[in-house]
Structure formats: structure tokens, C-alpha cells
Amino acid sequence: MAFRWTNDLRPEDVTPEAVFMNRRQLIGGLAAGTILGSAGMAQAQEALEPNSWEDITTYCNFYEFGTGKDDPAKYASSLVTDPWSVTIDGLVDRPGDYSLGDILSQMTVEERLYRFRCVEAWSMVVPWNGFELADLLELAGVQSGAKYVAFETAYRPKEMPGTLFPVLDWPYVEGLRLDEAMHPLTIMATGLYGKPLPNQNGAPLRLVVPWKYGFKSIKSVVKITLTDTQPPTSWNKANPREYGFYSNVNPNVDHPRWSQASERAIGGGLFARRKPTLMYNGYEEEVAGLYEGMDLSKNF
Ligand SMILES: Nc1nc2c(c(=O)[nH]1)N[C@H]1C(S)=C(S)[C@@H](COP(=O)(O)O)O[C@H]1N2
Ligand SMILES: [Mo]
């Protein structure tokens with residue numbers, strides 16, 4: 001792997017402004033802090049003020065439990081998350097069913113503070129706990145022919161009342177290019193605020209890809225397949241004109257039905273104002289290289 005996330009920064013490793021950030025902010029914001037000027041720094045710091053547990057766990061998208069933002073918090077408790085296992089197959093050396101307990105015993109779970117952004121132009125900052133997807137993929141042994149990673153959510157109509165309606169083609173599926181999947185910003189989250197992930201947020205294990213729109217961050221994952229062809233994704237299947245494979249946060253490319261230039265920060269209350277959306281959700285320095293030379297208006 002080209003580089004790994006580092007958590008053990010010393011004050012002398014970072015800019016003077018960044019020294020005043022706490023460790024949690026450093027984890028999420030270090031790279032942004034070192035490349036931005038102080039104005040950008042102020043914005044980055046502001047953007048990294050975490051949302052409340054209440055906001056994060058009651059304003060959710062999880063169509064398997066209904067299409068309303070408050071439906072998952074009301075209905076997702078019916079999902080049985082223990083025992084849980086993830087099938088990892090396709091172009092890997094060690095395909096099989098990996099129990100969550102076995103996975104966790106081999107992973108270092110870290111706290112990460114990420115700006116999370118949904119496609120409908122709202123954003124939150126979430127203190128996730130999780131591990132790098134790359135570490136999980138390395139557990140299974142990625143073969144050299146693999147180019148993409150496909151993900152699948154559990155599909156259990158008895159536990160997921162929303163799947164009785166054909167709003168999406170169930171199960172929910174997503175995909176990443178292998179280099180996106182191996183990037184150290186890409187994590188599998190198992191908790192938030194140091195507590196186990198609530199069902200409505202994708203328990204017991206969900207993807208988080210902070211430079212992409214929220215729908216890429218597939219919840220309650222039961223299957224991961226390494227492939228050599230680009231996998232289908234639920235929202236692209238539902239509406240290919242509006243949702244592409246990449247779905248990178250990009251204020252310069254509007255969704256056909258709304259502007260993506262600004263966002264409403266959830267939890268801002270009465271004085272909430274729209275903020276300009278940052279390229280790659282503020283992670284440009286870290287991920288722009290993955291898309292060098294690509295026409296982002298075509299690969300949206
Ligand atoms: N299985 C599944 N995963 C999903 C979704 C979904 O409906 N089903 N919604 C996506 C969308 S559109 C968003 S914005 C995020 C929301 O995550 P959050 O509710 O934890 O903020 O989950 C994504 N993952
Ligand atoms: Mo979303």
C-alpha cells in the first residue's frame with residue numbers, strides 16, 4: 001500500500017494552528033490543516049465540530065426501513081445483528097464467511113472524525129469508530145486480477161419492513177474501484193462516539209467513504225466480492241442519469257435536480273446557513289490523485 005493512516009503525530013509534525021486541535025480533530029483534519037492557509041484552517045476546524053449523537057442517530061437514510069429520515073430510528077431495531085458474518089469472495093486467496101468476532105479480533109479499531117455528506121445537500125460530522133477496509137481485504141488476500149470491490153447489504157424482508165416496497169432493487173449494493181477501497185480514508189465503521197453502531201446507522205458494520213456522497217457508504221454489509229469488472233450500484237441502477245458509479249463530492253457538477261455547490265449542516269439550528277461544499281468533501285489533497293486525468297463531468 002502506498003501509505004497508511006497515521007495516528008501517532010507529534011506536535012512538531014504539524015502546523016502551529018493544528019497544534020491547538022485535539023487529537024480527534026487531528027485524525028480527521030491533519031492533511032487539510034497542513035495544506036490550507038489559516039482561513040481554510042478555520043473552515044476545516046469548523047467543519048470538524050461533531051454533530052450530536054441525537055442528530056446522527058435520528059436523521060438517517062436506510063431505505064430497508066423506510067424512505068423517511070426518521071424511519072430507520074423507528075424501525076431498524078428489528079434487524080438482528082448478532083451473530084453476524086461477512087462473506088468475502090471473488091478474486092481473493094482466502095474466500096469464506098468471516099464472523100464479525102473473528103474480524104474484530106484481528107483489526108485495530110480507531111476513532112475517526114469525518115465530514116459525512118449526503119447527496120441531497122446536507123452534511124454532518126461523525127466521530128466513527130472503525131478499521132481500514134484495506135486491512136479487511138488484506139485478511140482475505142486480494143489477488144492481482146482484482147480491480148473493483150462489490151458490497152452487499154443484508155436482505156431480510158422479515159426484519160426490514162422497507163424491503164416490502166420496490167423503491168430499490170434489493171439487496172442494496174455498492175461498489176468501489178480497488179484503489180479507492182484500499183485508500184486509508186476508506187473505513188468499515190463499527191461504532192460512533194465510542195459506542196456500538198446503532199442499527200439505523202448500519203450495524204454492525206458499514207462502509208464509510210468520506211469523499212463520496214453518502215449513498216456509497218453502504219450499511220449492514222454481509223458480502224464483499226473482489227471482481228475485475230465494475231460492479232452495479234443500487235442508485236445507479238435506479239436512476240443512471242442522476243447517479244454515477246463514482247459519486248465523488250463535487251461542487252462543480254450538479255445533480256440534475258439540485259445544486260451541489262452548497263450544503264446545509266444538520267444540527268445548526270435556527271442560525272444554520274448553507275456552507276460551500278468542498279471538492280471531495282474537503283479531502284482533495286488526499287484523494288484527487290485517484291482521479292487524475294478523468295473527466296469528472298462524465299465520471300460523476
Ligand atoms: N443498505 C443501505 N445503505 C445505505 C442506505 C440505504 O438506504 N441502504 N442509504 C445511504 C445513504 S443515501 C446515505 S446518505 C447514508 C446515510 O448514513 P447515516 O444514516 O448513517 O447518516 O447511508 C447510505 N447507506
Ligand atoms: Mo444520501
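Counting starts at 1 for both ligands and their atoms, in listed order. Keep in mind that this is a model prediction, so the values were computed, not measured.
- Put simply, part of Arg206 is less than 4.0 Å from ligand 1, judged by heavy atoms.
- Regarding atom 18 (P) of ligand 1, its nearest protein heavy-atom neighbour is Lys219 NZ, 3.4 Å.
- Scanning the protein for heavy atoms near atom 6 (C) of ligand 1, the closest one is Tyr172 CE1, 3.2 Å.
- In this structure, Lys195 satisfies the cation-pi test against Trp53, with its NZ or CZ atom closer than 6.0 Å to the six-membered ring centre and inside 45 degrees of the ring normal.
- Looking only at side-chain heavy atoms (C-beta outward), Val125 and Glu49 stay at 4.5 Å or farther from each other.
- Proximity to Cys60 (heavy-atom distance under 4.0 Å) selects the following atoms of ligand 1: 19 (O).
- The single protein non-hydrogen atom nearest to atom 7 (O) of ligand 1 is Tyr63 N, 2.7 Å, given as residue, atom name and distance.
- In the hydrophobic clustering of this structure, Val173 does not group with Val222; members are Ile, Leu, Val, Met, Phe, Trp, Tyr whose side-chain heavy atoms approach within less than 4.5 Å, directly or through other members.
- At under 3.5 Å, a nitrogen or oxygen of Asn201, whether backbone or side chain, sits near a nitrogen or oxygen of ligand 1.
- With hydrogens and angles ignored, the 3.5 Å screen pairs a side-chain donor or acceptor of Glu180 with a backbone N or O of Arg177.
- Residues Leu185 and Val287 form a side-chain contact, since some pair of their non-hydrogen atoms from C-beta on lies under 4.5 Å apart.
- Nearest protein heavy-atom neighbour of atom 15 (C) of ligand 1: Gly214 O, 3.5 Å.
- Here Phe215 has heavy atoms under 4.0 Å from ligand 1 in both its backbone and its side chain.
- Ligand 1 places these atoms under 4.0 Å from at least one heavy atom of Cys118: 14 (S).
- Taking 4.0 Å as the cut-off, Ser217 counts as a neighbour of ligand 1 on heavy-atom distance.
- In terms of N/O distances under 3.5 Å, ligand 1 is approached by Thr153.
- For the side-chain hydrogen bond (donor to acceptor under 3.5 Å, both in side chains) test with Glu263, the passing option among Arg274, Arg117, Lys275 is Arg117; the others fail.
- Closest to atom 9 (N) of ligand 1 by heavy atom, among Asn61, Thr163, Asn51, Ile218, is Asn61.
- If you look at Phe116 next to ligand 1, the close heavy atoms, those under 4.0 Å, all belong to the side chain.
- Here's the thing with Trp122: none of its N/O atoms is less than 3.5 angstrom from an N/O atom of ligand 1.
- In terms of protein heavy atoms, atom 8 (N) of ligand 1 is closest to Glu64 OE1, 2.8 Å.
- When only interatomic distances are considered, the shortest N/O to N/O separation between Tyr59 and ligand 1 does not fall below 3.5 Å.
- Taking 4.5 Å as the limit, every side-chain heavy atom of Glu174 sits out of range of all side-chain heavy atoms of Lys219.
- For the pair Trp170 and Phe165, the minimum side-chain heavy-atom distance is 4.5 Å or more.
- Between Asp169 and Lys237 a salt bridge is recorded (basic side-chain N to carboxylate O distance below 4.0 Å).
- Inter-residue side-chain proximity for Met188 and Val221 is flagged as met; some heavy-atom pair is nearer than 4.5 Å.
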